[in-house]
Amino acid sequence: MANVQQQEESGEHIVIVGAGLAGLAVALGLHRKGVRSVVLESSPALRASGFAFGTWPNAFRALDALGVGDKIRDLHLQAQGLRVTSSSTGEVARELDFSGKQGGGGPFEFRCVRRDVLLQVLEAELPEDTIRYSSKIVSIDDEHGGAAKIIHLADGSTLRAKALIGCDGINSVVSRWLGLAKPSHSGRSATRGLAHYPGGHGLQPKFLQFFGHGFRFGYVPCNADDVYWFFTWFPSPDDEGVDKSGATMKQYVLTKLRSSKVPAEALELVQRSEISDDAPAAPLRFRSPLSLLFADISRGNVCVAGDALHPMTPDLGQGGCAALEDGVVLARCLGEAVLGTGGVTEKERVESGLRKYAGIRRWRSIELIGTAYTVGFLQQSDNVVVSFLREKVLAGVLVKRLMKMSNHDCGTLSS
């Protein structure tokens, strides 16, 4: 390992910061194209937090491009449909069947994928020495008279990067270096859980959502034994202290659900789950979509992807999916630049490749963030007029919008 580090510190490398979904997707995409990268992860091992995330058709197109789609399919259930229900009245506002063909193609593909499983699958496809754990960035400098970025790590070592890719999450060091706007608080918070049934849960493979009473709740099976659930709400002064521990957070969710029209199985899911005392709940933050209109998604040989680029509220279930899209597009643009030839230098090709990536992902990011925020606000609002329109008209409109946004095709690693 010491020899590898010495070689890295003496040369220029594509450096990816963060071993989350975006970081591993970029690294794997580059690896598929024959381009080596180094992934710096501040934690001592893969971070498995987050439980699970909805994986829509756009995410599976990206996973197929990376060559791991079928491995994920084999480990997770295909959802048969989506049902959106009012937790105030118990009436079904919208129901969609995923088994029918969409636009002449196959079934509309949705699975709830365990985050730890996906990260492990992506990691296993990378060369053994790709990820360097316990590697925290403290500063980024321009090399005097050179094209590289000098990355200083907490352990005192440095790396020279011919391309620096920030996939380091919502509190990204790289996005701050680029000057991207600080993420804003949406006014809502969320808690999540994973209910485990050793003998099998017996639930239908459907994605069920409930809205109203100032909260949004949903659950969907991941596999035969695990069911993921989420609960988002507008905290009020009366909610002071509900997130002080996992036990108080669980009781708060159960109290809200008991006062609403949700099935008994929903209560059992929450009761069966453990909510961590370390992070019982989290504020939902997003980057203003308007701030991305003219922001530097890339500058020179530096760019960002995943939550470092487009932190968004979870109301479309597109945060992880968009990170995988980023990974494929960035690997394609950067890989072609590094492998390319012509009358320009590698530095110029790298910068051009990152600009191309930024151009492709800018509007997609703006649209996703803005739509997610709007959907979340409308679904949880207690305003009388909004509530009436939501249950009579908007539910169908919002679901159609969700389906459209999730059917995006980011392309392959070569086109």
Exercise for the section: Decide yes or no for F108 and W56: does some side-chain heavy atom of the first lie under 4.5 Å from some side-chain heavy atom of the second? Expected result: yes
Practice task
Taking only Lys NZ, Arg NE, NH1 and NH2, and the carboxylate oxygens of Asp or Glu, determine whether E351 and K347 approach each other closer than 4.0 Å.
Solution key: yes
Fill in the blank from the handout: side chain to side chain contact (heavy atoms under 4.5 Å, CB included) filter on P127, not counting sequence neighbours, yields H31, D129, T130
Handout entry: Residue K162 excluded, over 12 heavy atoms near NZ under 6.0 Å
Key = yes
Problem - Of all pairs that satisfy ring pair (Phe, Tyr, Trp, His ring centres under 6.0 Å), the ones with a partner from residues 281-308, not counting sequence neighbours - result: F286-Y373
Practice task
Measure from NZ or CZ of R299 to the centre of the six-membered ring of W177, then state whether that distance is under 6.0 Å and the direction lies within 45° of the axis.
Solution key: yes
Problem - Ion pair R285/D307, N-O distance below 4.0 Å - result: no
Handout entry: Under 3.5 Å side-chain donor-acceptor pair for S42 and R47
Key = yes
Handout entry: Residues K206 and E95 bridged, charged N to O under 4.0 Å
Key = yes
Problem - Note, Q78 side chain near E109 side chain (heavy atom, < 4.5 Å) - result: yes
Practice task
Check whether more than 12 heavy atoms from other residues, nucleotides or ligands sit under 6.0 Å from atom NZ of K33, and answer yes or no.
Solution key: yes
Exercise for the section: Indicate whether the side chain of H76 and that of N223 have a donor and an acceptor atom separated by less than 3.5 Å. Expected result: no
Practice task
Please name the residue in the list L30, T412, I360 that meets the side-chain contact (heavy atoms from CB on, under 4.5 Å) test with R332.
Solution key: I360
Problem - Mutual orientation of the aromatic rings belonging to Y219 and F217 [parallel < 30°, tilted 30-60°, perpendicular > 60°] - result: tilted
Handout entry: Carboxylate-amine/guanidinium proximity below 4.0 Å for K256 and D239
Key = no
Exercise for the section: For the residue pair F207 and F230, categorise the inter-ring angle as parallel (less than 30°), tilted (30 to 60°) or perpendicular (more than 60°). Expected result: perpendicular
Exercise for the section: State, with a plain yes or no, whether a side-chain heavy atom of I165 is found less than 4.5 Å away from one of L330. Expected result: yes
Problem - Residues K149 and D142 bridged, charged N to O under 4.0 Å - result: yes
Exercise for the section: Report yes if the distance between the aromatic ring centroids of F231 and W229 is under 6.0 Å, otherwise no. Expected result: no
Handout entry: Side chain to side chain, R73 and D64, heavy atoms closer than 4.5 Å
Key = yes
Problem - I150 CD1 to E143 CD distance, which is reported to the nearest 0.5 Å - result: 4.5 Å
